[in-house]
Amino acid sequence: MYLSEDYFVFELHQRGEERLLKELERRRVIAERLAERAAERAAEAAELQVTDVSRPPFIVRWRRRLGRLAGPTFGAHGGGPTPIAS
């Protein structure tokens with residue numbers, strides 16, 4: 001059976017649209033899965049921060065440690081060690 005050029009072009013166009021819709025649907029599903037994983041990771045991170053109250057973050061521990069050393073080694077000149085006169 002002979003197919004006209006118009007029918008052939010129509011079929012190509014139709015298959016192209018179907019392929020495009022499948023690709024878009026696949027990308028949408030992938031994006032949803034990535035968003036779900038990101039939300040799960042954020043929830044896990046929030047849980048870790050809430051339950052780990054006994055051990056404060058590094059910067060808090062560091063500042064507390066510096067606060068203990070603030071007596072004789074830090075002067076009133078704006079922080080840092082007191083310069084040693086030679």
Side-chain angles (χ1 to χ4, degrees):
M1 182 174 136
Y2 174 76
L3 299 176
S4 69
E5 286 183 30
D6 292 337
Y7 181 78
F8 184 71
V9 169
F10 172 77
E11 283 296 318
L12 283 176
H13 181 72
Q14 189 70 19
R15 292 208 177 111
E17 278 188 8
E18 289 172 3
R19 189 180 310 162
L20 177 65
L21 291 175
K22 286 179 185 177
E23 179 68 21
L24 290 174
E25 177 66 17
R26 191 171 60 120
R27 289 182 183 193
R28 184 190 61 79
V29 169
I30 291 171
E32 283 181 0
R33 289 180 185 165
L34 288 174
E36 288 173 1
R37 288 181 189 160
E40 290 172 1
R41 288 186 191 131
E44 289 174 2
E47 288 176 11
L48 289 175
Q49 289 177 356
V50 169
T51 58
D52 197 15
V53 175
S54 63
R55 188 161 174 83
F58 170 78
I59 193 73
V60 173
R61 292 192 313 265
W62 183 75
R63 285 182 178 159
R64 286 180 186 166
R65 200 170 296 139
L66 281 179
R68 285 187 220 130
L69 300 174
T73 57
F74 284 73
H77 62 279
T82 305
I84 300 172
S86 52

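Being a predicted model, the structure only gives us computed values, none of them experimental. One is the number of the first residue; the rest follow in order along the sequence. All heavy atoms count here, side chains included; hydrogens, waters and symmetry mates do not.
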Quiz item: Does Arg27 have any salt bridge (charged side-chain N to carboxylate O under 4.0 Å, His left out) partners at least two apart in sequence or in another chain, and if so, which?
Solution: Glu23
What residues form a side chain to side chain contact (heavy atoms under 4.5 Å, CB included) with [X], not counting sequence neighbours?
X	value
Ile30	Arg26, Leu34
Tyr7	Leu3, Ser4, Glu11
Glu32	Arg28
Val29	Glu25, Arg33

Practice problem: Return the set of residues passing side-chain hydrogen bond (donor to acceptor under 3.5 Å, both in side chains) with Glu36 (not counting sequence neighbours), or none when no residue passes. | Solution: none
Quiz item: Which other residues belong to the hydrophobic cluster containing Leu24, where Ile, Leu, Val, Met, Phe, Trp and Tyr are joined when side-chain heavy atoms lie under 4.5 Å apart, directly or via other members?
Solution: Leu20
Quiz item: Leu12: which other cluster members, linking ILVMFWY side chains closer than 4.5 Å, directly or transitively?
Solution: Phe8
